[in-house]
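Just below is one structure, and these are the notes that go with it.
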2 protein chains.
Amino acid sequence: MGVEPSKGAVSLAATKTMTQRDEVRKRILMRAGEIFADRGFQSATVREICQRAEVNVAAVNYYFGDKECLYIDAVKDARELIASRWPLPEWTRETSTEQKLLMFVTTFLQRLLNTDPSNWRMKLLLREILEPSRACEEIIQESFRPFFGVLLDIIREAVGPNVSEHQLHQTGFSVISQCVFYLANRRVVGIMVTPAEREQHFQTEMLAKHITQFSFLGMKNSRSLPEPNPTSETS
Amino acid sequence: MGVEPSKGAVSLAATKTMTQRDEVRKRILMRAGEIFADRGFQSATVREICQRAEVNVAAVNYYFGDKECLYIDAVKDARELIASRWPLPEWTRETSTEQKLLMFVTTFLQRLLNTDPSNWRMKLLLREILEPSRACEEIIQESFRPFFGVLLDIIREAVGPNVSEHQLHQTGFSVISQCVFYLANRRVVGIMVTPAEREQHFQTEMLAKHITQFSFLGMKNSRSLPEPNPTSETS
DNA sequence: CCGCAATTCAAACAGGCGTTTAAAACTAGT
DNA sequence: ACTAGTTTTAAACGCCTGTTTGAATTGCGG
């Protein structure tokens, strides 16, 4: 029993070793995030995480207490890093509403679909959204709310100020859902679309264009349906 | 070694006992499906399944061979039962395109969001869509393709015959994604929307109306965006 | 160079997992 | 009632999991 886990395991160590300590922590956190992202909390094993981080099995418990705390820290870390890369492109007062929407959708899709090394963070957060663990609910909440707020502002601008709250929300979800779809349901897209078509028309840029166009038209209307009754209708 | 597992474990038993045997199989299959649906393959345990089905732990291996075969059978079973409840409302030649779309979306949402005892089947299939196991890929494929085809027909009818294939697919995904969203992301909706608003405006019927209206407008256009360049644009 | 705290390590632990086993219980046909 | 085949059962198996442990190693101020 050398030390308390994860709390203040260091007493009066030099600041130099402090950074060393943090490097190990960060290395574990990274590998853990990657593995949690594509296996989930349950299926990911501490042993594999430690193997990939090139540390002993006991390191997780020494640095983080237990597996769950490691997971929470990984999610928290992913959220913070993504939040810092979140900022949407700035727009001026001259930027049209449709352009703002395109920028929003493009940025969102880039974060979701890019294949650079930081992409696993988004997968990890998505996993938390689809099946939240009580521990991380708050984290996700804080991460998602402001982002959603930006979208709602754009929509309000598009449809006018006197739109009802629920229409605003429904429309917002319609936009969000189309973007998230391509991350969560990649396999389904692969089934329905040939590789060539996928290559040409399902890259981030083209998808952003389609979603923007589709949604911008869809939202520019808050009147109700003509209440279709299924019998009489002769064009 | 009394019997081969899962193949033809009965040789010349009476047809009466045959039904008994099938009853046990079906009971296990049901409980397994329910548990697989909300825990996933890995997290679901054979022991819990057997406990809920009120059979011995060994029953799974006796009747199905192993856990994975049980899972595959459960998915297959869910697919078949849902497929039989799938049929969209029949429409006549007088039914308008928008009505067809509304019917399609309504049916889809009902299957996804209803809370009757058969709902776990949809969750199980959704899980397979989000993280497919190689074993069930084909099953999902066969289940999803024809359903998607019906939607594509509606869209083709709405936008005219000379629409390009990729626009058709993109639009189809836009509709599908909005529906699936409300099943997969229930928690997110709960965060962003007050219970009262949810009660009033996020029930199946209202969502179907919104999605139909939103999508119908969105798809009624295949022209390209005005190619927004972010600098010059003075309304 | 010593001593002390921080860190690493191999080994072991208890518990849960899917699966197997062999005996018991049950169900006909004769 | 006996027997042969089917189903159920409790117990055990081997494996893998997260975690703990105590000794070995390291790093550093004195």
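Order of the sequence lines sets the chain letters (A, B, ...), proteins ahead of strands, with each chain counted from 1.
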Discussion item. Measuring to OP1 and OP2 of dG18(C), would you say a side-chain N or O of Asn61(B) lies under 4.0 angstrom away?
Written reply: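 So the side-chain polar atoms of Asn61(B) never come under 4.0 Å of the phosphate oxygens OP1 or OP2 of dG18(C).
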Discussion item. With a cut-off of less than 4.0 Å, is there a side-chain N or O of Tyr63(B) near OP1 or OP2 of dT8(D)?
Written reply: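 Yes.
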Might you list the N or O atoms of the protein lying below 3.5 Å from N or O atoms in nucleotides 23-25 of chain C, with each pair's distance?
none

Discussion item. Please pick, from dT19(C), dT7(D), dT8(C), the nucleotide with the shortest atom-to-atom distance to any side-chain atom of Val24(A).
Written reply: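 Among dT19(C), dT7(D), dT8(C), the one nearest the side chain of Val24(A) is dT8(C).
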Practice prompt. State which of dA6(C), dT19(D), dA10(D) makes the closest approach to the side chain of Asn56(B).
Written response: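 Out of dA6(C), dT19(D), dA10(D), the nucleotide with an atom closest to Asn56(B)'s side chain is dA10(D).
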Take the protein atom [atom1] of [X] and the nucleotide atom [atom2] of [N], then report the distance between them rounded to whole Å.
{"X": "Asp22(A)", "N": "dA6(C)", "atom1": "CG", "atom2": "P", "value": "15 Å"}
{"X": "Ile35(B)", "N": "dC17(C)", "atom1": "CD1", "atom2": "C1'", "value": "15 Å"}
{"X": "Phe64(A)", "N": "dT19(D)", "atom1": "CZ", "atom2": "C1'", "value": "16 Å"}
{"X": "Tyr62(A)", "N": "dT26(D)", "atom1": "OH", "atom2": "C1'", "value": "12 Å"}
{"X": "Glu68(B)", "N": "dC17(C)", "atom1": "CD", "atom2": "P", "value": "18 Å"}
{"X": "Lys67(A)", "N": "dG15(C)", "atom1": "NZ", "atom2": "P", "value": "18 Å"}
{"X": "Leu70(A)", "N": "dG18(D)", "atom1": "CG", "atom2": "P", "value": "11 Å"}
{"X": "Glu54(A)", "N": "dT7(C)", "atom1": "CD", "atom2": "C1'", "value": "17 Å"}

Just to verify, what does [X] make a salt bridge (charged side-chain N to carboxylate O under 4.0 Å, His left out) with, not counting sequence neighbours?
{"X": "Lys67(B)", "answer": "none"}
{"X": "Arg31(B)", "answer": "Glu34(B)"}
{"X": "Arg198(B)", "answer": "none"}
{"X": "Asp153(B)", "answer": "Arg156(B)"}

Worksheet item: Is Arg39(B) salt-bridged to Glu48(B), going by a charged N under 4.0 Å from an acidic O?
Response: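 Counted as a salt bridge, because a side-chain N and a carboxylate O are separated by less than 4.0 Å.
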Discussion item. Enumerate the side-chain hydrogen bond (donor to acceptor under 3.5 Å, both in side chains) contacts for residues 171-183 of chain A, please, sequence neighbours excluded, ordered by first and then second residue.
Written reply: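 Applying side-chain hydrogen bond (donor to acceptor under 3.5 Å, both in side chains) to every pair that reaches into residues 171-183 of chain A, excluding sequence neighbours, yields Ser174(A)-Gln178(B), Ser174(A)-His210(B), Gln178(A)-Ser215(A), Gln178(A)-Ser174(B).
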Worksheet item: Heavy atom of residues 41-50 of chain B under 4.0 Å from DNA chain C: which residues?
Response: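 Correct list: Ala44(B), Thr45(B), Val46(B), Arg47(B).
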Worksheet item: Are Phe108(B) and Phe147(B) an aromatic pair by the rule of ring centers under 6.0 Å?
Response: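 Centroid separation for Phe108(B) and Phe147(B): below 6.0 Å.
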Worksheet item: Contact class for Ala58(B) (heavy atom, under 4.0 Å): base, sugar-phosphate, or nothing?
Response: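 Base: the residue Ala58(B), judged by heavy atoms under 4.0 Å, touches a nucleobase.
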Worksheet item: Can you name the residues that form a side-chain contact (heavy atoms from CB on, under 4.5 Å) with Lys76(A), not counting sequence neighbours?
Response: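 In terms of side-chain contact (heavy atoms from CB on, under 4.5 Å), with neighbours along the sequence ignored, Lys76(A) is linked to Ile72(A), Glu80(A), Ile139(A).
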Show every donor-acceptor pair shorter than 3.5 Å between a side-chain atom in residues 128-138 of chain B and any protein atom, with sequence neighbours excluded, or say none if there are none.
unit_1	atom_1	unit_2	atom_2	d
Glu128(B)	OE1	Ser133(B)	N	3.1
Glu128(B)	OE1	Ser133(B)	OG	3.4
Glu128(B)	OE2	Tyr71(B)	OH	2.7
Glu128(B)	OE2	Ser133(B)	OG	2.8
Glu131(B)	OE1	Arg127(A)	NH2	3.4
Glu131(B)	OE2	Arg127(A)	NH1	3.2
Glu137(B)	OE2	Arg187(A)	NE	3.0
Glu137(B)	OE2	Arg187(A)	NH2	3.1

